[in-house]
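The structure appears below as structure tokens.
The sequence lines fix the lettering, A, B, ..., with proteins before strands; numbering per chain opens at 1. Since we're looking at a predicted model, the values are computed, not measured.
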Protein chains: 2
Amino acid sequence: MFSIGTVARQTGLKVPTIRYYEQVGLLGAPERTEGNQRRYGKDQVERLGFIKHARDLGFPIEAIAALIDLAEHPDRSCAQAAEIAQRQLEDVREKLERLTRLEAELSRIAKGCSGTGVADTCYVMASLADHAHCGSEH
Amino acid sequence: MFSIGTVARQTGLKVPTIRYYEQVGLLGAPERTEGNQRRYGKDQVERLGFIKHARDLGFPIEAIAALIDLAEHPDRSCAQAAEIAQRQLEDVREKLERLTRLEAELSRIAKGCSGTGVADTCYVMASLADHAHCGSEH
DNA sequence: CTAATGTCTCTAGCGACTAGAGCTTCAAGA
DNA sequence: TCTTGAAGCTCTAGTCGCTAGAGACATTAG
Ligand SMILES: [Zn+2]
Ligand SMILES: [Zn+2]
Ligand SMILES: [Zn+2]
Ligand SMILES: [Zn+2]
């Protein structure tokens, strides 16, 4: 049985984050000592590792909850898991596309100003004021 | 003089968003009709366009506030504008790098499961449970 | 003049935490 | 065994940039 701090060190999560996951129902309530402190078993530490990894990959809490539900019913079809992973992939790809466009505009904008001029004639200011300077939609 | 709804249509912002920008001090309080409705002048519409464009490029509100301050003092040095643009560019690049790594992992994960199996032996589940499957840090 | 649409203020909610106050419990050394 | 300092507890509120809704008032077209 591990204290919350020990589990935090093992999983790379922060202590308040672990409590938060419990609060939102991602993790079942752990046992408690007589003095009301949380004590986690190996299973729960493993589950927190799962959550951590899924969060690191950007999955939202709600999706992780569905995946955990699935993990608790190992003989169910994994169709939902595939769907969730696919959705997350698409989400990331959309964000990538948007950020790629932004990177192009921002590097142009940043390149256009050395910071040695005056606000009135600054390329950064002009670019922000008028989207017509831009080479793409965003 | 334009009503808030008209300005919303002109700028592409939503009505509550414009009120929000006023609330957080990005936009000075506009004139009001006798009946207490907001009426915007051309300058304010332009400024809202500036804000919209900067937000579309991902600049945080605080940075935009600093840029607007600069726009109101056209003879000041644009060093701060250059700095803000540079920081935003770096921020976007960091996010791009992270998302690129995530895309690699997620496309591997999604490819590994057709959704026709069972949760217990699902590649998605296994990949989330163990970072050792991953080809990079994230 | 009426009816429909627009606008007003205020509060609360989103996602995923994070920070802090004020208190209690645990564990290790003397 | 006692003490002390770290760790844990609950609860509230704050972060960011909006968005939604309630209930009341203003404007405008027909
Ligand atoms: Zn400049
Ligand atoms: Zn643009
Ligand atoms: Zn599968
Ligand atoms: Zn991984």
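Less than 4.0 Å separates DNA chain C from at least one heavy atom of each of the following residues of residues 22-41 of chain B: R32(B), N36(B), Q37(B), R38(B).
The aromatic rings of H53(A) and H131(B) stand perpendicular to each other, their planes meeting at an angle above 60°, with 30° marking the opposite boundary.
One interatomic measurement links the two molecules: CE of M1(B) to P of dT27(D), which rounds to 14 Å at whole-angstrom precision. Look at CD1 on I4(A): it is 15 Å from C1' on dC26(C), rounded to the nearest Å. Atom pair F2(B):CZ and dT27(D):P shows a separation of 18 Å (rounding to whole Å applied). Whole-Å rounding puts the I18(A) CD1 to dA16(C) P distance at 17 Å. Atom CD1 in I61(B) sits about 19 Å away from atom P in dG14(D), given to the nearest Å. Between the P atom of dC18(D) and the CG atom of L48(B) lies a distance of 12 Å, rounded to the nearest Å. Whole-Å rounding puts the E62(B) CD to dC16(D) C1' distance at 11 Å.
Considering only side-chain atoms of R55(B), the nucleotide from dA16(C), dG17(D), dT9(C) that sits closest is dG17(D). Among the nucleotides dT19(D), dC17(C), dC8(C), the one closest to any side-chain atom of Y20(B) is dT19(D).
Distances shorter than 4.0 Å separate none of the side-chain N or O atoms of K14(B) from OP1 or OP2 on dC18(D). The phosphate of dT27(D) (OP1 or OP2) has no side-chain N or O of S3(B) nearer than 4.0 angstrom. When the side-chain nitrogen and oxygen atoms of R19(B) are compared with OP1 and OP2 of dT9(C), none of them lie within a distance under 4.0 Å. Under 4.0 angstrom from either OP1 or OP2 of dG17(D) there lies no side-chain N or O belonging to Y21(B). In this model, the phosphate group of dT19(D) is approached by a side-chain N or O of T17(B) to a distance below 4.0 Å at OP1 or OP2.
If V15(A) and G58(B) are placed on DNA chain D by their nearest nucleotide, the residue sitting closer to the 5' end is V15(A).
Between the side chains of H133(B) and E105(B), no donor-acceptor pair of N or O atoms lies under 3.5 Å. In summary, the side chains of R47(B) and Y21(B) do not present any donor paired with an acceptor at a separation below 3.5 Å, with no hydrogens or angles considered.
A distance-only check finds a donor-acceptor pair linking the side chain of S107(A) to the backbone of E103(A) [under 3.5 Å]. Judged purely by atom type and a 3.5 angstrom limit, Q88(A) uses its side chain to pair as donor or acceptor with the backbone of L57(A).
With respect to R76(A) and D120(B), no salt bridge is recorded, no charged nitrogen being found less than 4.0 Å from a carboxylate O. Taking a cutoff of 4.0 Å between a charged side-chain nitrogen and a carboxylate oxygen, D91(B) and R87(B) do not qualify as a salt bridge.
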